[in-house]
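Comments concern the structure below.
Numbers restart at 1 for each chain; the letters A, B, ... are given by sequence-line order, proteins then strands.
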Amino acid sequence: MEFSSRETWTVIHGLVLGTLFLLAFAGGLAGLWSMRPGLMTTEGIKERMGRLYIGAWVMAAAAWAAVITGTWIVYPWYRVKLAPVGEDAYAGCVDAILPNAACSPRDFLKSNVSGETEMWHIFGMEWKEHVSWAAPILATAAAFLIAYYGPRLIARPWLRAAVIVMFVAAFAAALVGGAFGAFLNKIAPIV
Amino acid sequence: MEFSSRETWTVIHGLVLGTLFLLAFAGGLAGLWSMRPGLMTTEGIKERMGRLYIGAWVMAAAAWAAVITGTWIVYPWYRVKLAPVGEDAYAGCVDAILPNAACSPRDFLKSNVSGETEMWHIFGMEWKEHVSWAAPILATAAAFLIAYYGPRLIARPWLRAAVIVMFVAAFAAALVGGAFGAFLNKIAPIV
Amino acid sequence: MITDFDPGRHDDEGVAPELAPLDLADKPDGPAAAVMIASGLGVFTLGLMTTLAVINGSVKSFLEWFQFDQGVGALAGKSTVAVLVFFVAWLVLYLIWREKDVVLKTSFYIGLGLGILGVIGTFPPFFEWFE
Amino acid sequence: MITDFDPGRHDDEGVAPELAPLDLADKPDGPAAAVMIASGLGVFTLGLMTTLAVINGSVKSFLEWFQFDQGVGALAGKSTVAVLVFFVAWLVLYLIWREKDVVLKTSFYIGLGLGILGVIGTFPPFFEWFE
């Protein structure tokens with residue numbers, strides 16, 4: 001009962017960091033949402049802010065760790081060209097049911113050997129690999145704004161709303177990345 | 001770019017319901033944590049409780065939906081005996097790299113055709129399939145307590161702590177289920 | 001452990017004055033005790049069924065009966081029985097204790113103890129002892 | 001849009017009296033405007049690089065240079081350049097606006113607009129037009 005090195009990295013990239021990101025996002029959003037005048041006592045504000053800072057920075061850190069491990073460790077395994085033999089770009093994928101040592105996930109999807117899978121690469125992976133990088137940028141910006149203004153966000157409803165927009169936009173970018181990542185892992189797992 | 005019926009159900013079971021559960025848990029825990037005397041104004045309590053009730057019941061509902069779809073839809077695909085031919089219980093799994101039409105995930109893991117995989121079934125799946133059912137029971141009990149006492153939890157710190165224990169225990173049970181589910185899906189996916 | 005409901009037993013508004021304007025009705029602790037014990041009992045039943053199915057073939061056959069040919073095996077019975085025990089125990093205790101105060105600490109620890117035993121019962125290294 | 005820092009421009013403690021006991025120092029809005037615009041610019045750069053790499057082969061080669069033989073391809077350059085633009089723009093604007101007030105609404109909408117353009121640039125049906 002153990003993981004290969006590749007399985008371990010895909011677990012860290014998607015499952016561990018993804019779970020951490022979701023928990024930090026939901027906890028952070030719940031805290032951010034209540035930052036309105038008249039809802040908390042002074043004591044309550046102090047109690048809240050500590051956790052909100054931690055949640056926001058953990059979310060940003062998880063996003064950075066996820067895109068860096070995803071891009072630099074997992075993605076090369078996905079995209080390596082294993083299948084070409086002479087003129088035939090997908091020779092290695094003939095009869096493949098799933099990616100294997102002669103057919104990378106990208107080869108496998110583009111070869112269409114198991115149905116119309118090409119769009120999973122052209123739309124799913126191509127979007128996911130790029131847009132996911134928006135998540136750490138936006139999460140870092142939101143975390144900075146939360147840390148910079150702190151309790152003052154309570155008195156400035158428009159600013160609080162702007163921070164929530166950035167916070168949720170970071171989540172949306174990560175959701176595209178995470179959902180397509182999980183789907184692609186089903187259709188064409190890293191092996 | 002589409003899913004088979006089985007892929008769709010595993011996505012609903014693990015990814016959609018799992019994500020919903022995590023979000024509801026983290027948001028709910030953040031709300032529950034702040035239910036202490038002196039932290040919120042009366043207005044703040046009213047604002048908070050609505051979201052806390054929703055979070056707690058969504059968490060319970062997601063847990064019920066996850067264990068019911070998992071047990072009654074996904075699990076039969078996992079455990080069906082496809083491999084036996086005559087005396088040989090795992091004949092269908094010979095040379096299999098992953099589960100296939102002649103070798104269910106359970107057959108595949110128990111056959112050890114791709115390394116020492118038997119423990120993934122004996123420990124991972126056997127624990128996960130049973131203990132996961134504790135999650136909806138505990139989450140429902142916690143949601144009932146939150147709804148029953150409402151703001152009074154603020155004045156009763158011991159009771160609030162007891163509810164948090166049940167809330168986190170529901171999460172822990174789901175975490176065992178979710179983590180082993182994701183791992184098993186890597187080692188021996190439902191196909 | 002069980003007493004008549006006494007709305008004056010807690011000073012909630014004294015502990016947290018912010019509750020006063022909400023004008024909350026006080027409620028007996030019986031229904032809360034009911035769900036604490038019932039949820040513990042549900043989880044305990046889960047573990048008990050899991051282990052009993054290993055020990056006794058006819059228990060296993062009984063639990064498999066619940067699968068209605070869906071290929072779920074004994075898990076169908078283990079989970080259905082545990083969920084039924086949870087809801088029935090909750091309902092029964094609720095009806096008995098609806099208007100009573102029941103000591104919550106005792107109820108919680110009973111539930112917790114049952115829950116821990118239940119989780120042990122679902123733990124493979126434990127139930128495999130009986131194979 | 002840019003003015004000298006005026007600590008009296010908001011009545012935070014008037015809007016939310018619960019802030020008063022915290023005795024918070026007021027801060028200029030410049031650093032916040034900086035991060036709003038810089039993050040928009042970072043996301044915009046991501047989209048721009050993604051689309052430019054499709055249009056122009058030498059841009060793509062330049063972006064691939066960042067992969068240092070790790071097999072990441074042009075994504076290495078797109079992401080590295082976008083992240084550098086984000087941090088450098090943030091730092092530069094921060095240093096310029098550190099002690100200034102900058103109108104946050106304008107800054108946010110600039111950032112939002114850049115961000116939306118950036119996401120469009122990463123959207124495959126968009127950048128495939130240029131193939």
- Task: Decide whether D:D29 and A:Y149 meet the rule of one side-chain donor and one side-chain acceptor closer than 3.5 Å.
- Result: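 Yes, side-chain donor-acceptor contact under 3.5 Å.
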Sort [X] into side chain, backbone, both or neither according to what part of it lies under 4.5 angstrom from a heavy atom of chain D.
| X | value |
| --- | --- |
| A:I45 | side chain |
| A:V131 | both |
| A:Y75 | side chain |
| A:L145 | side chain |

Just so I know, are the side chains of [X] and [Y] near enough to count as touching, which here means a heavy-atom distance under 4.5 Å?
| X | Y | answer |
| --- | --- | --- |
| A:F144 | D:S39 | no |
| A:E43 | D:E18 | no |
| A:V165 | D:F108 | yes |

- Item | Reference residue A:F123; test ring-ring contact (aromatic ring centres under 6.0 Å, His included); the match among D:F123, D:F126, D:F127 |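 The single option meeting the ring-ring contact (aromatic ring centres under 6.0 Å, His included) with A:F123 is D:F123.
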Specify the closest pair of heavy atoms between [X] and [Y], including all atoms of both residues, with the distance to one decimal.
| X | Y | result |
| --- | --- | --- |
| D:A82 | A:I137 | O-CD1, 4.4 Å |
| D:F66 | A:W72 | O-CH2, 3.2 Å |
| A:A162 | D:M36 | CB-CE, 4.3 Å |
| D:T122 | A:W127 | O-CD1, 3.0 Å |

Out of [options], return the one with the most heavy atom pairs under 4.5 angstrom to chain D.
| options | result |
| --- | --- |
| A:A134, A:P151, A:A142 | A:P151 |
| A:Y78, A:W158, A:W133 | A:W158 |
| A:A173, A:P37, A:S132 | A:P37 |
| A:M166, A:E126, A:R152 | A:R152 |
| A:T41, A:T71, A:L39, A:L159 | A:T71 |

Most chain A-contacting option - heavy-atom pairs closer than 4.5 Å, from [options]:
| options | value |
| --- | --- |
| D:G111, D:G118, D:P17, D:P28 | D:P28 |
| D:D26, D:L75, D:V35 | D:L75 |
| D:V43, D:L112, D:V72 | D:V72 |

Would you mind checking which part of [X] comes under 4.5 Å of any heavy atom in chain A, side chain (CB onward), backbone (N, CA, C, O), both or neither?
| X | value |
| --- | --- |
| D:A33 | neither |
| D:Y109 | side chain |
| D:A76 | both |
| D:K78 | side chain |
| D:L46 | side chain |
| D:D11 | neither |

- Passes side chain to side chain contact (heavy atoms under 4.5 Å, CB included), D:E128 versus A:I122? Steps please. CA-CA 9 Å; D:E128 280 156 13; A:I122 294 176; 2.9 Å; yes
Might you confirm whether atom [atom1] of [X] has over 12 heavy atoms from other residues, nucleotides or ligands at distances under 6.0 Å?
| X | atom1 | result |
| --- | --- | --- |
| D:K60 | NZ | no |
| D:I55 | CD1 | yes |
| A:E87 | CD | no |
| A:D95 | CG | no |

- Message: Set out, in order, the CA-CA distance, both residues' side-chain angles and the distance that settles side chain to side chain contact (heavy atoms under 4.5 Å, CB included) for D:L104 and A:R156, then state yes or no.
- Response: CA-CA 11 Å; D:L104 286 180; A:R156 298 178 68 179; 3.7 Å; yes
- Message: Please report the interatomic distance CG(D:L19) to OG1(A:T42), rounded to the nearest 0.5 Å.
- Response: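 Going from the CG atom of D:L19 to the OG1 atom of A:T42 covers 7.5 Å.
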- Message: Between A:W64 and D:V83, is the side chain to side chain contact (heavy atoms under 4.5 Å, CB included) condition met? List the steps.
- Response: CA-CA 11 Å; A:W64 284 112; D:V83 169; 3.7 Å; yes
